[in-house]
2 protein chains.
Amino acid sequence: MTHSSARRRDVTVADVAKAALVSKAQAARALGGYGAVSEDVRERVLAAAESLSYRPNELARTMNTGKSHTIGVVVGDIENPHFGLAMRGISDRAKASGFDVILINTGEDIRAETDAVRVLLDKRVDGLIVAPVSSPEKGHLERVCASGRPLVLFDRKVDGLDVDVVATDMTEVSRKSTAELIHAGHERIAFISTLKSQEPFWNGMDVSSTPIAERLKGMSLAFHDAGHSFPSDLVRLNAGNSDSVVGITQDLLRGPAPATAIVASDGLVALGVVEGIQTMGLSIPQDVSFLMYDDLAWTRLTNPPLSVISQPVYDMGAAAAAALIQRIQRPGVKSEIPEFTATLINRGSIGAVRGAASCYSLSESP
Amino acid sequence: MTHSSARRRDVTVADVAKAALVSKAQAARALGGYGAVSEDVRERVLAAAESLSYRPNELARTMNTGKSHTIGVVVGDIENPHFGLAMRGISDRAKASGFDVILINTGEDIRAETDAVRVLLDKRVDGLIVAPVSSPEKGHLERVCASGRPLVLFDRKVDGLDVDVVATDMTEVSRKSTAELIHAGHERIAFISTLKSQEPFWNGMDVSSTPIAERLKGMSLAFHDAGHSFPSDLVRLNAGNSDSVVGITQDLLRGPAPATAIVASDGLVALGVVEGIQTMGLSIPQDVSFLMYDDLAWTRLTNPPLSVISQPVYDMGAAAAAALIQRIQRPGVKSEIPEFTATLINRGSIGAVRGAASCYSLSESP
DNA sequence: GTGAAAGCGCTAACAA
DNA sequence: TTGTTAGCGCTTTCAC
């Protein structure tokens, strides 16, 4: 049993120095790989370290240097594969540059997000990537900037915060997708999002979350292009768990002027929408057309497979990490962030409106 | 602009002490909430801290106390909702006890897992929860124990490592589910797992991953119960990405003695299996029956909805955190870990074997 | 090249 | 109740 004494003190540079018969400073230099050390001393020190199985105390190191070689990531919902994939992009890119990545999940709660940012700053991460929950509060993010450590926002930008943002512009793809739906005869196109909002949506309302605002703007533009008016009564915010989405879906599909197509703003909403449609005994796309954001693996398994708007999430994660590391290594230098574009993948859940002339055929995806 | 000078030194206890006209020690006591401080001094110190917007340096604090009030979590694949849900259970429980949680994702790579453990130990987390990738290597986990910090394993146990394990015993539910399949006339039941293995599976082989071993043992027992022999030629390990699973599935369904039922050992494998079945133009459950582990949200959206084996993942996460925190707070005291049981949720992907007498009807789930 | 000594920001033992 | 003093383990002057 080599580890019988759990309460043993960690071995320190001093121990190594003693064993190698050199000064603490020399041992530290050899171990840390800085300063000037003779070959002879270096070897003795490394050998001693090896045999004592010395491990540097990163905390002490960080305290002195101020650098931790760690980047912190804060996301709202790690159960959403969207963030899982982004996380992989971030990790891969960071690892390639010798940075460790630690993540904190907030459950889409602004208080938890504030805590998470505080914890990571306290742990002296070298920089942060935050996928901020949509909320007017931004004090915690301003505090990051004030601390002097770089911040990169993921997915949404925050008004009045001059930091790098990695996101896909959704306006164009939304416009194009909506045009596709309109082309198929739809005018009653609904949009469901979990975005929290005090008031119901109205046309021209200032939507605080950039990606949602862009999706809505794209829809609005497409309706304008087609000479129709945007059915803003079919925009539903504040969708919560899956059950509430099911309810909203059923509500949208009932009544005198039901929706003929539904757009889900993310994978979680999509689950509820499809379930809602199914429980009403309706078929996609015969009775109602369906479109969702994010190309999740399961969307190919339903019947019909679902049409989705796909974003290069992995690449976005990698780009976020790259931009952050750039900022860390060359403070003050503006980092170049690539443009990302989302594309419509039209699988089979968009169909002609029920009862309309059935001249609709899919236009090819680019 | 309040944060114009990004390069300003952080404000320390010394600064606060000076402002409050007390000694550094008194300021530290007041701020840290330990020792004895008069009401007068406490107020002056807190006021000074407030006005200087003092933030304690957690690193320095951790260096002295050895405690970080942080627990580290290491998982293989955060894209798998299984771990996302577990993570929420862990976070919720930890937060309730005042612990922060940081996570590192390893991509099912043993080297990354080793690194992750090292990083977290270096950051001086108070304890670790690890969902270990199945691998013979366990040096990194032994190092955790040697460091004196508690470790809780999630999902799988590791041979020769005497630590708390939070897992669901899969033997019984596997046996029962397999019996269900056999009852429906199936004898050619396949099992696909991503578990890495040097050699193909053979009956009686020592499978290193507990949950997979249990699944297989349950199957074997059920076949034994029914007086049939276990078709070990239909057990496929080393499944990789989705494409490879599709290939394995197609292989299993071809040939002179094809599988009539397929069991997927996790959600990722399941995606490939269903896709494989669909691309062959076969129907579930008419042509082939299907069963998978983990009750993921999308399993209700396929046609038919998929039969699954459900584990209380959130509760398991919470229990892991509870056990770990117990160990942190009362070292040496053995923590009581509840038993978890998985249940078969028979939705609609298990049917009678093609061509057999169609007397099969679902037996009710408990 | 080398070593002694002064920090980093905090806690904790010891006196007063 | 207070203040003084020593650390925690490392990096980093600054002399030699």
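Below, all heavy atoms of this structure are taken into account, side chains as well, without hydrogens, waters or symmetry copies. Lettering of chains follows the sequences in order, A, B, ..., and the numbering in each one begins at 1.
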Closest nucleotide among [options] to the [X] side chain:
X     : options               : answer
B:A60 : D:dC10, C:dT2, C:dG9  : C:dG9
A:A25 : D:dG3, C:dA4, D:dT11  : C:dA4
A:T65 : D:dT12, D:dT2, C:dA12 : D:dT12
A:R29 : C:dA13, C:dG1, D:dT12 : D:dT12
B:N64 : C:dT11, D:dG9, D:dG3  : C:dT11

Rounded to the nearest Å, what distance is computed from the [atom1] atom of residue [X] to the [atom2] atom of nucleotide [N]?
X      : N      : atom1 : atom2 : value
B:L21  : D:dT2  : CG    : C1'   : 15 Å
B:L59  : D:dG9  : CG    : C1'   : 12 Å
B:D15  : C:dC8  : CG    : P     : 10 Å
B:K18  : C:dG9  : NZ    : P     : 12 Å
A:D40  : C:dG3  : CG    : P     : 11 Å
B:K67  : C:dA12 : NZ    : P     : 12 Å
B:K123 : D:dG9  : NZ    : C1'   : 16 Å
B:L31  : D:dT2  : CG    : P     : 14 Å

For [N], does OP1 or OP2 lie under 4.0 Å from any side-chain N or O of [X]?
X     : N      : answer
A:R61 : D:dT11 : yes
A:T62 : D:dC10 : no
B:Y34 : C:dT11 : yes
B:S38 : D:dT2  : yes
B:T12 : C:dG9  : no

Exercise. Which one of A:L161, A:V163, A:V74 satisfies the side-chain contact (heavy atoms from CB on, under 4.5 Å) criterion with A:L141?
Worked result: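 When side-chain contact (heavy atoms from CB on, under 4.5 Å) is applied between A:L141 and each of A:L161, A:V163, A:V74, only A:L161 qualifies.
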For [X] and [Y], test the side chains for any donor-to-acceptor distance below 3.5 angstrom and give the result as yes or no.
X      : Y      : result
B:H82  : B:D77  : no
A:D164 : A:S335 : yes
A:R93  : A:S97  : yes

For this session: Between B:G35 and A:A28, just flag the one whose closest nucleotide in DNA chain D comes earlier from the 5' side.
Result: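 Mapping each residue to its closest nucleotide by heavy atoms, the 5'-most match is B:G35.
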Exercise. Which residue, B:E39 or A:M63, contacts DNA chain D at a nucleotide closer to its 5' end, judged by nearest heavy atom?
Worked result: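 Comparing both residues, the 5'-ward one is B:E39.
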Problem set entry | NZ/NE/NH1/NH2 to OD/OE distance under 4.0 Å, B:R55 and A:D122 |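 A:D122 and B:R55: salt-bridged.
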